[in-house]
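As structure tokens, the structure follows; a few thoughts come after it.
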Protein chains: 2
Amino acid sequence: MSSGHVGNEPCSAVSTLQVLSGKWKWLILYHLFQHPSLRFSELMRKIPGITQRVLTKQLRELEEEGIVERTVYPEVPPRVEYAITAYGQSLRPILDMMHAWGLEHLRRKTERATHPSER
Amino acid sequence: MSSGHVGNEPCSAVSTLQVLSGKWKWLILYHLFQHPSLRFSELMRKIPGITQRVLTKQLRELEEEGIVERTVYPEVPPRVEYAITAYGQSLRPILDMMHAWGLEHLRRKTERATHPSER
DNA sequence: CCGAATCCCTGGTGATACTG
DNA sequence: CAGTATCACCAGGGATTCGG
């Protein structure tokens, strides 16, 4: 366990990050937030750089936590769609705030690079 | 660069997580949010499990991003204090939301463990 | 007390190939 | 199309030691 214990952690934010730990999870949510549902292949295309293996794994973990829902349509060829659950929706405000903060942060860094003179 | 490019990233939240990437960074902020400033050794005690090397590194990175401020008092023995900058304060709402979400999530899991019958 | 310098090690990720 | 199965990798951390 080492440091994975988040039982009586004074900072519960850590457990949030624990649940959302994974290089692409927030990006996956980002895309699922703007579409009712997405097929596996659609997610692949929307997330350049991710591999099948990793996308599968992170989706499974999100499903495990009840954040996304996986629907398999018994067709041929196979079709699997992923969607945000009602519970997952509760993460949206957080993502939005991080989105805004990230934007502002990038702007800030750009400024510092543009006006390197003033310290 | 592989996948580290966050320039024209459609999801700027990723860059936020990029900046705050580090096992203990949010926890460090958590403590700095409830104290005007903390000494290095105080942070060490408040964060069981972290090592000097790692605490130093993550603090330096936070300082680099303008999120925390490092003040060295030229005394003997040395005293170094860390404090949140005005800019760093802008992260507080995000941390608060993650804190709330994490708490709720833990409660949810506890419930599922308590009533394992109902699916 | 605070932190730099070394060495080491693990787990999350990437690459590739194969299947129903 | 939507995965599983293997193997390999390396950056982020961890343990320890030394220094001002």
Side-chain angles (χ1 to χ4, degrees), chain A residues 1-6 9 14-15 17-29 31-32 35 37-65 68-83, chain B residues 1-6 9 14-15 17-29 31-32 35 37-65 68-83:
Chain A
M1 48 194 67
S2 68
S3 66
H5 76 98
V6 200
E9 186 80 57
V14 171
S15 66
L17 293 163
Q18 203 97 349
V19 171
L20 274 300
S21 78
K23 190 173 176 181
W24 312 88
K25 290 217 182 111
W26 290 94
L27 193 49
I28 291 170
L29 292 187
H31 289 295
L32 287 179
H35 300 273
S37 75
L38 286 172
R39 302 185 57 165
F40 185 84
S41 52
E42 289 175 321
L43 277 170
M44 278 287 297
R45 271 185 293 100
K46 285 181 184 300
I47 307 178
I50 200 173
T51 60
Q52 280 196 344
R53 167 179 154 72
V54 173
L55 179 55
T56 300
K57 193 180 172 227
Q58 313 228 338
L59 280 170
R60 284 298 202 288
E61 289 173 5
L62 288 172
E63 186 193 5
E64 189 71 18
E65 300 293 348
V68 310
E69 188 184 23
R70 180 169 175 266
T71 310
V72 182
Y73 295 88
E75 308 172 354
V76 50
R79 181 160 63 102
V80 179
E81 302 218 330
Y82 293 89
Chain B
M1 51 195 65
S2 68
S3 65
H5 76 97
V6 200
E9 185 80 55
V14 171
S15 65
L17 293 163
Q18 203 95 349
V19 171
L20 275 300
S21 79
K23 190 174 178 181
W24 313 87
K25 291 219 181 110
W26 290 94
L27 194 49
I28 291 170
L29 292 188
H31 289 295
L32 287 181
H35 299 274
S37 74
L38 285 172
R39 300 187 56 165
F40 185 84
S41 52
E42 289 175 322
L43 277 170
M44 278 287 296
R45 272 185 294 99
K46 285 180 182 301
I47 307 179
I50 200 171
T51 60
Q52 280 197 347
R53 166 182 153 75
V54 174
L55 179 55
T56 300
K57 195 179 169 226
Q58 311 228 337
L59 281 171
R60 285 297 202 288
E61 290 171 7
L62 288 173
E63 186 192 6
E64 189 72 18
E65 300 293 348
V68 310
E69 187 185 22
R70 179 169 177 265
T71 308
V72 183
Y73 295 88
E75 307 172 355
V76 51
R79 181 161 62 102
V80 180
E81 301 218 332
Y82 293 89

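Letters go in sequence order (proteins before strands), and every chain restarts at 1.
A straight line from NZ of B/Lys25 to C1' of D/dG13 spans 12 Å, rounded to a whole angstrom. Atom-to-atom, CG of A/Leu55 to C1' of C/dA15 comes out at 16 Å; the value is rounded to the nearest Å. Taking atom CD of A/Gln18 as the reference point, atom C1' of C/dG11 lies 13 Å away to the nearest angstrom. Per the geometry, CG belonging to A/Leu38 stands 13 Å off P belonging to D/dG3, to the nearest Å. Between A/Leu59 atom CG and C/dT13 atom P the separation is 13 Å, expressed in whole Å. In this structure, A/Lys57 atom NZ and C/dA15 atom P are separated by 16 Å, rounded to whole Å. The CD1 atom of A/Ile50 sits 15 Å away from the P atom of C/dG12 (whole-angstrom rounding). Atoms CG (A/Leu17) and P (D/dG12) sit 17 Å apart, rounded to a whole Å.
Of the residues near DNA chain D, B/Gln58 and B/Gln52, the one whose nearest nucleotide (by heavy atom distance) lies more toward the 5' end is B/Gln58. The 5' end of DNA chain C is approached more closely, in terms of each residue's nearest nucleotide, by B/Ser41 than by the other of A/Thr51 and B/Ser41.
Here CG of B/Leu32 is found 8.5 Å from CG of B/Leu62. Values are rounded to the nearest 0.5 Å. For the atom pair NE2 (B/His35) and CD (B/Glu42), the distance works out to 8.0 Å, reported to the nearest 0.5 Å.
Looking at A/Glu65, its side chain never comes within 3.5 Å of a backbone N or O of A/Val19 through a donor-acceptor pair. With hydrogens and angles disregarded, no donor-acceptor distance shorter than 3.5 Å links the side chain of A/Glu69 to the backbone of A/Ala83.
Within the nucleic acid shown, B/Tyr73 has no heavy atom closer than 4.0 Å to any nucleic acid atom. Note on A/Glu81: nothing from the nucleic acid sits closer than 4.0 angstrom, heavy atoms only.
At C/dC2, none of the side-chain N or O atoms of B/Tyr82 fall inside 4.0 Å of OP1 or OP2 (strictly under the cut-off). At D/dG14, one or more side-chain N or O atoms of B/Lys23 fall inside 4.0 Å of OP1 or OP2 (strictly under the cut-off). Here B/Arg70 does not reach the OP1 or OP2 of C/dC2: none of its side-chain N or O atoms lies under 4.0 Å away. For C/dC1, neither phosphate oxygen OP1 nor OP2 lies less than 4.0 angstrom from any side-chain nitrogen or oxygen of B/Arg39. Between A/Arg45 and D/dA2 there is no side-chain N or O to OP1 or OP2 distance below 4.0 Å.
The base of D/dG3 has none of its N or O atoms less than 3.5 Å from a complementary donor or acceptor on the side chain of A/Arg53.
For A/Pro78, the listed nucleotide lying nearest its side chain is C/dG20; candidates were C/dC1, C/dA4, C/dG20.
Ion pairing between A/Glu61 and A/Lys57 holds under the 4.0 Å rule for side-chain N and carboxylate O.
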